[in-house]
Amino acid sequence: MAGAISHHALASTQSYRWSAQSSRFGKRTGNVRWVHQGTRCSVGRKLGFVCTSGSQQPSVVEPFQLPSDANSDHTAKKSSESALILIRHGESLWNEKNLFTGCVDVPLTPKGVEEAIEAGKRICNIPIDMIYTSSLIRAQMTAMLAMMQHRRKKIPIIMHNESEQAHRWSQIYSEETKKQSIPVITAWQLNERMYGELQGLNKQETADRFGNEQVHEWRRSYDIPPPNGESLEMCAERAVAYFKEQIVPQLVAGKHVMVAAHGNSLRSIIMHLDKLTSQEVISLELSTGIPMLYIFKEGKFIRRGSPVGPSEASVYAYTRTLAKYRQKLDSMVS
Ligand SMILES: O=C(O)[C@@H](CO)OP(=O)(O)O
């Protein structure tokens, strides 16, 4: 099968990892320096990114008009700002075995469950009105487990719109109950990139057989598909299109959104959000179970990094909205 795939040397092997380690200000991951700044996270010079500020502090986005009730989430709000959380699923049983997974529907390991719970703690003070997941169980488990940690204690409920009957049979007949729930939309478009004939193969054995460079090219290049599978570009055609068509309108309407998906479907979305080139995206690696926060404001996505913990002061200095939401949660439990 390797014969069908042309060889291109990868120009960069720099690690561009959004992980627990790299989520702190100015930490170094390999030879790439991460600085979480007001508008754009920067990485090494070779990648050509720009730091917009020399400060190590996150800038505070201008306050916006708060909705009358920061917790009434089901109606479109006239807010000029909303939160977008992206999260790659926790470790799956095939991640643990080092197997190519793609669209094979594999559940989380106990470690993956822990990662999802830990992710939930990190984002437990951030407003979430809607959740999007792929149709794969590892992303859905991650979203649900993370939400169990949320302080607002709303119930995430999977929407069943696959048929008219499924929709009708899953109706809720109490407006009050609806208000205390968060709709979870599942979409195959957010699934992991389809890995073709690599699905189920061991990654190390495949590298031993076809060579590290070839396998790295299949795994990380933008436009070279694995045998009979999807390239990142092909994955982006469905994932980014779905993001633009379905998710962005929710953000525009002021909804705070969490997306639980996969290494490569999220790489394609981050490539779009951060305007990475096809060369830069080669180095983009996402760790399992690490939430990443963006603020959507005036039509722009502002990357805010990964909240380290629920009480991390800097996260709540990001915007007045987040700070107020957190205060509201504090007052609800006190
Ligand atoms: O096997 C897969 O489906 C993916 C994600 O786990 O692997 P890769 O690291 O090659 O993107």
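Each ligand, and each atom within it, is numbered from 1 in the order the structure gives. The analysis underlying the following values was restricted to heavy atoms, covering all of them including side chains, and did not include hydrogens, waters or symmetry mates. The shown structure was predicted, so the numbers you read here are calculated from the model rather than taken from an experiment. If you read the sequence from its start, that first residue is 1, and numbering goes on from there.
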Protein heavy-atom partner closest to [atom] - residue, atom, separation in Å:
atom	result
atom 1 (O) of ligand 1	Thr101 N, 2.8 Å
atom 10 (O) of ligand 1	Tyr195 OH, 2.5 Å
atom 9 (O) of ligand 1	Arg219 NH2, 2.7 Å
atom 7 (O) of ligand 1	Lys203 NZ, 2.9 Å
atom 5 (C) of ligand 1	Glu192 OE2, 3.3 Å

Notebook entry, point to check: When you measure from the centre of the six-membered ring of Tyr195, is the NZ or CZ of Arg193 under 6.0 Å away and within 45° of the axis?
Noted result: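 Checked: cation-pi criterion met.
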Item checked: Whether Phe210 and Trp218 hold their rings parallel, tilted or perpendicular, with breakpoints at 30° and 60° ->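 The arrangement is perpendicular - the two ring planes meet at more than 60°.
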Next item on the list: Hey, can you tell me if His150 and Tyr325 have their rings parallel, tilted or perpendicular (30° and 60° cut-offs)?
Entry: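 The arrangement is tilted - the two ring planes meet at 30° to 60°.
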Checklist line | Worked check of side-chain contact (heavy atoms from CB on, under 4.5 Å) between Arg303 and Met292 | finding: CA-CA 8 Å; Arg303 189 193 324 177; Met292 300 163 267; over 6 Å; no
Item checked: Within-cut-off N or O pair, Asn264 and ligand 1, under 3.5 Å ->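 Yes - when backbone and side-chain N and O of Asn264 are compared with those of ligand 1, one distance drops under 3.5 Å.
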Next item on the list: Answer yes or no: does an N/O atom from Gly102 fall short of 3.5 Å to an N/O atom of ligand 1?
Entry: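 Such a contact does occur with ligand 1.
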Note to self: Please give the remaining members of the hydrophobic cluster of Leu145, linking ILVMFWY side chains under 4.5 Å, ordered by chain and number.
What the structure shows: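 When side chains under 4.5 Å apart are linked, the cluster holding Leu145 also contains Leu108, Val113, Ile117, Ile137, Met141.
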Checklist line | Salt-bridge criterion met for Arg138 and Glu192 (N-O under 4.0 Å) | finding: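 So Arg138 does not pair with Glu192 through a salt bridge.
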Notebook entry, point to check: Hey, is Asp330 close enough to Arg151 for a salt bridge, meaning N to O under 4.0 Å?
Noted result: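 Yes, charged N to carboxylate O under 4.0 Å.
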Atoms of ligand 1 close to [X] [distance to a heavy atom under 4.0 angstrom, numbered from 1]:
X	value
Phe100	1 (O)
Asn95	6 (O)
Arg88	5 (C), 6 (O)
Leu99	1 (O)

Item checked: Any Arg220 heavy atom less than 4.0 Å from ligand 1 ->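 Heavy atoms of Arg220 do come under 4.0 Å of ligand 1.
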Item checked: Partner of Leu190 by side chain to side chain contact (heavy atoms under 4.5 Å, CB included), out of Ile185, Val259, Leu136 ->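 Single pass found, and it is Val259.
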